[in-house]
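Working notes for the structure below.
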Amino acid sequence: MQPWPGEVLDERSGEIAVGFAALLTRQAAWRHRRVETITVLSHERVRRHVSVDFTVPEAHRAEIELSDGQCVVPLAYLGKRLLVNFDLFMEDEAAVPLLRSDEAQSIARELLYVMLDIDTEDAIEEDIGPLIEWILAAGPGEEDAVDAAVEELEGVLGPLPGFVALASQLTRGFLLCAVVSDVSRRRVLKFEYDQPLGRPSRTAHFYDTPGCTQAASYHVEVKVPEELRARTTELLDDLSGAVLARGPRDTDRPAIHYVAEPDVSASPGLSVIYAPERSRFLIPAALVAWVIALGLTLPWLFADLPSLSGAPSPAITILLSSSAIFSGLVLRSGEHPLVRVMLAPYRLFLLAATVAAVVAGGTLAFHGSATVVNWTWGLGALVAVLSAGILTFEAARAPATAEDI
Amino acid sequence: MGSLRHFFRRPPKSRKGIREQSAVVGSAEIAGPAFPRPVSGEEARAALERSRARRAAANGGAA
């Protein structure tokens, strides 16, 4: 039976750490391209698909070999928290084995020792060992304490830039290491997982993109739900507000290409503003609202409404036509959850206009007094006109669908 | 009131801090360490050997 990986890892972890030190300190040199696709599943959750296109330099292939041609490739740093629906694939969608976090720790431990020794040769094992174990085992909430201990060590030994940088990230995360059978050629590995939104939002989403500096070329795109458009898509640095790259306006598949500066110190993220397409809901809704508004306003202005009180024909016509049109626009099944949330306020305006028509028709059907009929129709007309106006304004500034452009 | 703010919204003048104003989707990934310089394989191997020698000596001393 092949002794993989537990028995081999102890023996090979030092050599693999040597390869990792060379690879991780020049990520853009061997990771050619990184592509992220963000699929909006709902107003509360997205799925992020990441593909990493890389070639392990020949000089480091033997170093990262685990056994019998199987190599350990560091793909990313993952935060120390629960992953939801995580999958790792190769080019043909076949599943790829990955090291468990405790297995990756044995390599990370050696890597910390290597980086420390590169920074200083004055470290003493008895003092350093417990700190390195703490870094590897640190859980959420311990980051500041570990950072302080590392800073204290730096105060004793002098500047430790490589060790401090690595320790900071290994306190907060662990190395995602794939076990790949053939690294003699260019490979593409893919991983994906679900992420929740910090808080539900209708229009403005911000997707953290820490991976944008981890490859020579970075490409990110968003799969926008049907009936929505991305009004603006910007890759920006939240700390400075600088826009690093800008995507096309009003598109259903915005894409951004960005070539990262390897030494950039920033908080990069993708800011996307969504909006509903004009012609799917807003224009029909505005038209219906105007029909209702005219149906209420014109009789209120020009008809003798009190004389119609008790006559069922106009009241029933208004009630039935309003309800039928309203139902057709509002009660739609199979709608994307984000679309449903985004259209909710517009549906409320349509509901207000419809209710105004129904109440106005009701005053006639139930023999309302002249005063009640006049006031109800006047207020109903006002509500319907306001609703129609707002829906028209929103339709006018909403993005067009692809076929309208 | 949220809806009214939406209808009267204006594009922000600056993108600075826009993360706070948006629904944030964190990444399972964290940024890679900002290493000060590239490290060569030879340099890393030499460091590993020195470190292991020191660790072995410390363990021997402890034993």
message: Between A:Tyr193 and chain B, with a heavy-atom cut-off of 4.5 Å, which part of the residue counts as in contact: side chain, backbone, both or neither?
response: side chain
message: Can you confirm whether A:Val50 sits close enough to B:Glu29 that some side-chain heavy atom of one is under 4.5 Å from a side-chain heavy atom of the other?
response: yes
task: Looking only at non-hydrogen atoms, find the nearest pair between B:Ala44 and A:Ala21 and report the distance.
output: CB-CB, 3.8 Å
Contact origin within A:Pro161 toward chain B - heavy atom pairs under 4.5 Å: both
field: side-chain contact (heavy atoms from CB on, under 4.5 Å), paired with A:Val18, selected from B:Glu42, B:Glu43, B:Arg45
entry: B:Arg45
- request: Report yes if the side chains of A:Gln195 and B:Ser27 come closer than 4.5 Å at any heavy-atom pair, otherwise no.
  value: no
message: Heavy-atom pairs under 4.5 Å with chain B: which of A:Arg34, A:Lys80, A:Glu36 has the most?
response: A:Arg34
- prompt: Hey, does the Lys NZ or Arg CZ of B:Arg55 hover above the aromatic six-ring of A:Tyr113, less than 6.0 Å from the centre and inside 45° of the axis?
  reply: yes
statement: Looking only at B:Gly41, B:Gly32, B:Ala46, B:Ala28, most heavy-atom pairs under 4.5 Å shared with chain A are made by B:Ala28
message: So for A:Ile38, is it side chain, backbone, both, or neither that comes closer than 4.5 Å to the heavy atoms of chain B?
response: neither
Under 4.5 Å from a heavy atom of chain B, the part of A:His60 involved: side chain
query: If you count heavy-atom pairs under 4.5 Å with chain B, which of A:Gly14, A:Gly173, A:Gly79, A:Ala76 comes out on top?
result: A:Gly14
- prompt: What part of B:Pro36 is in contact with chain A, defined as an atom under 4.5 angstrom from a non-hydrogen atom: side chain, backbone, both or neither?
  reply: side chain
query: Is any side-chain heavy atom of B:Phe35 closer than 4.5 Å to a side-chain heavy atom of A:Leu166?
result: yes
message: Using side chain to side chain contact (heavy atoms under 4.5 Å, CB included), reason through A:Ile118 and B:Val39 one step at a time and then give a plain yes or no.
response: CA-CA 9 Å; A:Ile118 288 171; B:Val39 172; 3.4 Å; yes
- prompt: Which bit of B:Arg37 comes within less than 4.5 Å of chain A, counting heavy atoms only: side chain, backbone, both or neither?
  reply: both
- request: Please state whether the side chain, the backbone, both or neither of A:Val114 comes within less than 4.5 Å of a heavy atom of chain B.
  value: both
field: Residue part contacting chain B, namely of A:Ala59, when any heavy atom lies under 4.5 Å
entry: neither
- prompt: From B:Leu48 CG over to A:Glu110 CD, what is the distance, rounded to the nearest 0.5 angstrom?
  reply: 6.0 Å
- line: On a heavy-atom basis, the closest approach of A:Pro210 and B:Ala31 is CB-N, 3.5 Å
- request: Select one option (side chain, backbone, both, neither) describing which atoms of A:Val243 are under 4.5 Å from chain B's heavy atoms.
  value: side chain
- request: Below 4.5 Å from any heavy atom of chain B, which atoms of A:Ser168 appear? Answer side chain, backbone, both or neither.
  value: neither
field: Side chain, backbone, both or neither of A:Glu15 within contact of chain B (heavy atoms, under 4.5 Å)
entry: both
query: chain B heavy atoms under 4.5 Å from A:Leu197: which part of the residue, side chain, backbone, both or neither?
result: both
query: Which answer fits A:Arg172, side chain, backbone, both or neither, if we ask what part of it has an atom under 4.5 Å from a heavy atom of chain B?
result: both
- prompt: Do B:Val25 and A:Asp208 come close enough that some side-chain heavy atom pair is under 4.5 Å?
  reply: no
- line: If one checks every heavy atom of A:Phe174 against chain B at 4.5 Å, the contacting part turns out to be neither
